[in-house]
**Student:** 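One structure follows; several queries about it will come next.
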Amino acid sequence: MTQGRFSKFQEYLLPALVLLVLAFFFFRNTQSQFPAHIHAWTQSDRYALAVGFMENGYDFFHPATLNLKPRYEAAIPVVDPQGITSVDFPIIEYLAALLMGVYGHPVPWIFRSLMLLIGLSGLFLWFRFLREVGVNYGLSLSGLLLALAAPVFTYYLNGFIPSTSAVAMSLAALYFFARYLRNEKIKTLMIALIFLTLAALIRKPFVMGVLAWAGAFVLIFWKEKSKLGIVLPGFLTALAVVGFYHVYNKFLSFTYGSLFISDLMPADAVAETIQLIRMSWANWKLTYFSLPAWIWIGVAVSGLLFKGFGDKTNKVIGFSALLWLAASGLYLLVMARQFPAHDYYFLDSFFLPVLILLGLGLRLLSKIEKPFQWGILIIAFALNGWMLKQSYAIQSARNMFKSWDRTEITRRNFEGGTELLAEADVPPDAKILVLDAYTTNIPLLLLERNGYTVINTTEENLRQAMEWDFDFIAIQNRFLASDILRNDPEIAGRLLPIANNGRIGLYRKIMPDALLSYENLVMAENQNIMYQRKLNDISLEKDSSHNCSVFQKAFLPLADTVFDSETRDVSVFFNAEILSANLPEKLFLVMDASSDDGLKHYESFDLKPFFEADSTIGRPALMMQLPQNIKQEIKLRIYLWNAAEQYLCIENLDFKLIQYQNKLSQYPNDYEEY
């Protein structure tokens with residue numbers, strides 16, 4: 001039903017050009033970025049699958065990551081773990097691996113580019129669907145921009161989680177179903193079913209789409225046996241293919257275990273379900289769609305309440321959306337615990353049926369008399385501009401560094417870790433245990449080694465991990481004291497320092513010995529001390545009863561200096577003993593760095609966890625890194641922030657700015673004997 005008066009340039013090249021220009025605008029700064037920021041954990045696992053395919057000889061039926069210990073164990077313990085895991089049909093990861101193999105080595109931009117290409121292709125076919133069902137040209141462009149500008153879709157469009165690829169496959173199926181309903185060609189139906197099946201394989205929740213389309217055909221054509229005789233075998237075949245892979249996936253899980261969630265996660269009670277739904281809406285409502293998009297969706301869809309879907313063709317499309325919407329509601333109930341923390345679950349469920357209803361609503365708006373069309377288009381494109389602005393702001397906010405984001409801090413700390421391993425002569429096949437990983441694969445990917453990761457650094461988890469089969473241990477200097485030594489102090493007697501670059505330390509496990517200090521473990525001795533302050537360098541009132549220095553103000557300056565732009569890899573070292581009259585409410589070590597070009601870096605480390613629940617004595621020890629992205633002279637301020645101005649009595653304070661030059665310990669070649 002495409003209107004013939006429009007040229008091929010307008011119908012095909014212009015929307016494609018619009019998509020490419022906007023894609024460049026949105027992703028020009030992130031296209032080469034390693035998995036980072038929101039849901040970097042899951043995104044890095046997907047990237048690790050592609051790397052795993054490259055390492056296992058492109059064995060599609062045994063997907064693996066670099067992590068040798070699955071989150072969900074196999075039924076029988078695996079004797080020789082290879083990192084094999086069950087996962088939804090990993091065709092995207094496999095294609096990324098093939099492309100990276102052609103390139104010569106794994107790089108994130110190839111994976112991102114593949115995802116982006118698939119996603120943009122789906123959006124283009126969404127535009128073609130709108131034209132196919134009779135939406136006028138201007139409103140079709142508006143619908144295209146609305147889909148692209150949905151913040152949750154934009155964010156993952158060039159990411160690693162395959163939800164946007166499944167959406168793209170479903171949009172392709174939508175277009176071909178619309179064409180089939182008009183031309184009734186078997187070939188068109190088969191193409192639609194192939195895309196719909198691929199969507200359900202890539203992301204299991206998209207099986208709802210298969211069932212919704214099948215149900216819509218039955219509801220509308222239940223009297224036309226000949227048509228159902230053609231269509232239903234295709235849907236049954238699609239379900240059989242999805243079911244077959246589901247069984248095989250269960251076999252993988254049973255045999256090797258899994259890194260990925262495969263169970264339903266409903267709430268325990270109705271009240272909790274309502275609470276989780278409210279949390280999900282509060283967290284993500286303007287991430288699913290921005291406010292102008294919700295307005296435009298509401299306007300477009302409201303017409304369907306009065307006019308209906310129209311002829312049989314549009315009824316099939318409309319009923320598929322309503323059935324999909326109902327199935328998504330059930331999916332929300334059975335996965336209620338996941339929705340508050342995972343915005344992309346919306347892509348797996350409600351996103352497609354909402355878009356389909358929007359498309360049918362735009363079709364009705366296209367029928368309004370011509371004198372009013374210009375007004376509608378002006379409003380539509382004004383809303384689109386607002387949507388794009390909102391989405392861009394959300395993407396920018398999501399890609400900003402947050403000092404509480406341990407996943408992003410971990411990524412930054414492990415960057416360049418391969419060079420440290422090379423200097424320490426760590427073999428390529430050595431297995432690394434990362435004790436403060438916070439994700440299952442990010443440190444291992446950056447170290448380019450297989451191994452194990454500890455996500456929650458409880459005493460039990462740390463002690464269990466130390467008994468696994470590994471060759472070396474990697475720990476971030478920043479979290480060594482707060483997350484490891486604080487939870488299991490005895491581990492300090494089992495770590496032999498091998499190498500350290502100021503961000504991460506490399507260790508061997510030894511038999512229990514004398515406990516090493518934090519300073520010894522991070523190899524802070526014999527480094528280039530660029531700046532140092534001890535307690536004697538700070539003018540504080542003395543408390544003779546506790547033999548310490550009293551600090552009861554909001555700020556205790558430790559450094560206020562300037563660094564040359566060429567100065568790199570500088571670590572902030574802080575160690576002290578602090579006595580508090582009461583448990584500190586808000587106590588932070590703060591780093592505030594800036595430059596004349598406008599770049600700013602603010603980072604804080606919460607010291608409260610160092611004060612145990614039954615004690616007012618804390619022994620904070622930590623390291624932070626000066627930012628690397630400031631290209632001009634760095635103005636640096638570091639201070640202790642006692643936000644509540646509580647009484648603090650400090651002793652043995654040691655503050656340093658360190659440049660690591662002696663990265664290897666005195667045992668670099670002799671550690672085997674330990």
**Student:** Is a side-chain N or O of Gln527 found less than 3.5 angstrom from the main chain of Gln661, in a donor-acceptor match?
**Tutor:**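 At least one qualifying donor-acceptor pair exists.
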
**Student:** Taking all heavy atoms of Ala465 and all of Leu433, pick out the closest pair and write down the distance.
**Tutor:** O-CD2, 3.6 Å

**Student:** Quick one: which of Thr85, Asp45, Thr453 gives a side chain to side chain donor-acceptor pair (under 3.5 Å) with Thr440?
**Tutor:** Asp45

**Student:** About how many Å separate CG of Asp560 and CD1 of Ile638, when rounded to the nearest 0.5 Å?
**Tutor:** 10.0 Å

**Student:** Closest heavy-atom contact between Ala437 and Thr410?
**Tutor:**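 Smallest interatomic distance, heavy atoms only, reads O-CG2, 3.6 Å.
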
**Student:** Please work out which of the three classes, parallel, tilted or perpendicular, describes the rings of Phe339 and Tyr345, given edges at 30° and 60°.
**Tutor:**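 Because their plane-to-plane angle is over 60°, the rings of Tyr345 and Phe339 count as perpendicular.
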
**Student:** Indicate yes or no: at least one non-hydrogen side-chain atom of Phe111 is less than 4.5 angstrom from one of Pro35.
**Tutor:**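 Answer no - side chains too far apart.
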
**Student:** If you compare all heavy atoms of Arg46 against all heavy atoms of Phe160, which two are closest, and at what distance to 0.1 Å?
**Tutor:**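 Taking every non-hydrogen atom into account, CB-O, 3.3 Å.
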
**Student:** Tell me if the NZ atom of Lys608 is crowded by more than 12 foreign heavy atoms within 6.0 Å.
**Tutor:** no

**Student:** Could you check whether any side-chain heavy atom of Ile473 comes within less than 4.5 Å of a side-chain heavy atom of Leu435, counting everything from C-beta outward?
**Tutor:**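 Yes, side chains in contact.
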
**Student:** Quick check: closest heavy atoms across His37 and Asn399, and the distance to 0.1 Å?
**Tutor:** NE2-O, 3.2 Å

**Student:** Measuring only between side-chain heavy atoms, which start at C-beta, is Ile432 closer than 4.5 Å to Phe470?
**Tutor:**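 Not in contact.
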
**Student:** Salt bridge or not for Arg637 and Asp592, using N-O below 4.0 Å?
**Tutor:**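 Yes.
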
**Student:** Answer yes when Glu408 and Lys402 have at least one side-chain N-carboxylate O distance shorter than 4.0 Å, and no when they do not.
**Tutor:** no

**Student:** Assess, by modelled atom type and distance only, whether the side chains of Tyr660 and Asn528 contain a donor and an acceptor separated by less than 3.5 Å.
**Tutor:**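 Distance-only check fails for Tyr660 and Asn528.
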
**Student:** If every non-hydrogen atom of Ala474 is compared with every non-hydrogen atom of Leu447, which pair is closest and at what distance?
**Tutor:**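 Looking at all heavy atoms of both residues, the shortest contact is CB-CD1, 4.3 Å.
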
**Student:** Within a 6.0 Å radius of atom CD on Glu541, are there more than 12 heavy atoms belonging to other residues, nucleotides or ligands?
**Tutor:**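 Result for CD/Glu541: open.
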
**Student:** Would you give the length of the straight line joining atom CH2 of Trp284 to atom CG of Asp343, rounded to the nearest 0.5 angstrom?
**Tutor:**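 So the CH2 of Trp284 and the CG of Asp343 are separated by 4.5 Å.
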
**Student:** Look at Asp471 together with Lys509 and state whether they make a salt bridge at an N to O cut-off of under 4.0 Å.
**Tutor:** no

**Student:** Give the C-alpha distance, both sets of side-chain angles, the deciding distance and a yes or no for side-chain hydrogen bond (donor to acceptor under 3.5 Å, both in side chains) between Ser549 and Lys542.
**Tutor:** CA-CA 4 Å; Ser549 299; Lys542 301 294 182 182; 3.1 Å; yes

**Student:** Got more than 12 heavy atoms from elsewhere within 6.0 Å of CH2, Trp281?
**Tutor:** yes

**Student:** Any side-chain heavy-atom pair from Phe655 and Val572 closer than 4.5 angstrom?
**Tutor:** yes

**Student:** Do Asp606 and Phe588 have side-chain heavy atoms sitting under 4.5 Å apart?
**Tutor:** yes

**Student:** Identify whether NZ of Lys or CZ of Arg in Lys656 sits under 6.0 Å from the centre of the six-membered ring of Phe573 and within 45° of that ring's axis.
**Tutor:** yes

**Student:** For residues Asn461 and Asn456, is any side-chain donor paired with an opposing acceptor at under 3.5 Å?
**Tutor:**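 Per modelled atom types, Asn461 and Asn456 side chains form no pair under 3.5 Å.
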
**Student:** Supply the atom-to-atom distance Ser604 OG to Met624 CE, rounded to the nearest 0.5 angstrom.
**Tutor:**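 Reported to 0.5 Å precision, the distance equals 8.0 Å.
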
**Student:** Side chains of Asn652 and Glu577: any donor to acceptor distance under 3.5 Å?
**Tutor:** yes

**Student:** Under a 4.5 Å cut-off applied to non-hydrogen side-chain atoms, are Arg478 and Asp436 in contact?
**Tutor:** no

**Student:** Kindly say whether the aromatic ring centers of Phe479 and Tyr438 come within a distance under 6.0 Å.
**Tutor:**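 Centroid separation for Phe479 and Tyr438: below 6.0 Å.
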
**Student:** Examine distances only and state if a side-chain atom of Gln395 and a backbone atom of Pro151 form a donor-acceptor pair shorter than 3.5 Å.
**Tutor:** yes

**Student:** Can you give me the closest heavy-atom contact between Gly502 and Ser571, atom names plus distance?
**Tutor:**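 Closest pair (atom of Gly502, atom of Ser571, distance): O-OG, 3.3 Å.
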
**Student:** With no hydrogens and no angle check, just 3.5 Å: does a side-chain donor-acceptor pair link Asn413 and Glu415?
**Tutor:**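 No, Glu415 and Asn413 have no side-chain donor paired with an acceptor closer than 3.5 Å.
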
**Student:** Ring centres under 6.0 Å, that's the criterion: do Tyr47 and Phe34 meet it?
**Tutor:** yes

**Student:** Can you confirm whether the side chains of Thr418 and Glu448 place a donor and an acceptor under 3.5 Å from each other?
**Tutor:** no

**Student:** With a 4.0 Å cut-off on N to O distance, would you call Asp569 and Arg503 a salt bridge?
**Tutor:**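 Salt bridge present between Asp569 and Arg503.
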
**Student:** Heavy-atom count check: over 12 atoms from other residues, nucleotides or ligands less than 6.0 Å from Phe254 CZ?
**Tutor:** no

**Student:** First locate atom CE of Met466, then atom CG of Asp488, and finally report the distance between them rounded to the nearest 0.5 Å.
**Tutor:**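 Between atom CE of Met466 and atom CG of Asp488 there are 8.5 Å.
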
**Student:** Looking just at side-chain N and O atoms, do Gln532 and Asp654 make a donor-acceptor pair shorter than 3.5 Å?
**Tutor:**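 There is such a pair (donor and acceptor under 3.5 Å, judged by atom type) between the side chains of Gln532 and Asp654.
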
**Student:** A side-chain contact here means heavy atoms from C-beta on lying under 4.5 Å apart; do Tyr507 and Leu521 qualify?
**Tutor:**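 Yes; the side chains approach each other to less than 4.5 Å.
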
**Student:** Taking it one step at a time, do Asp268 and Arg337 satisfy salt bridge (charged side-chain N to carboxylate O under 4.0 Å, His left out)?
**Tutor:** CA-CA 10 Å; Asp268 292 330; Arg337 293 186 182 277; 3.0 Å; yes

**Student:** If only side-chain N and O atoms count, and only distance matters, is there a donor-acceptor pair under 3.5 Å linking Ser517 with Asn520?
**Tutor:**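 Distance-only check passes for Asn520 and Ser517.
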
**Student:** So, are Glu467 and Arg463 salt-bridged, with charged N and O less than 4.0 Å apart?
**Tutor:** no

**Student:** Could you tell me if the side chain of Arg398 sits less than 4.5 Å from the side chain of Tyr155, heavy atoms only?
**Tutor:** yes

**Student:** May I ask you to decide if Asp80's main-chain N or O and Gln82's side chain share a donor-acceptor pair within less than 3.5 Å?
**Tutor:** yes

**Student:** Once the angle between the rings of Tyr344 and His39 is folded into 0 to 90°, is it parallel (under 30°), tilted (30 to 60°) or perpendicular (over 60°)?
**Tutor:** perpendicular

**Student:** For Asp537 and Arg533, indicate whether the former's side chain and the latter's backbone hold a donor-acceptor pair under 3.5 Å.
**Tutor:**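 The answer is no, because no donor-acceptor pair under 3.5 Å joins these two groups.
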
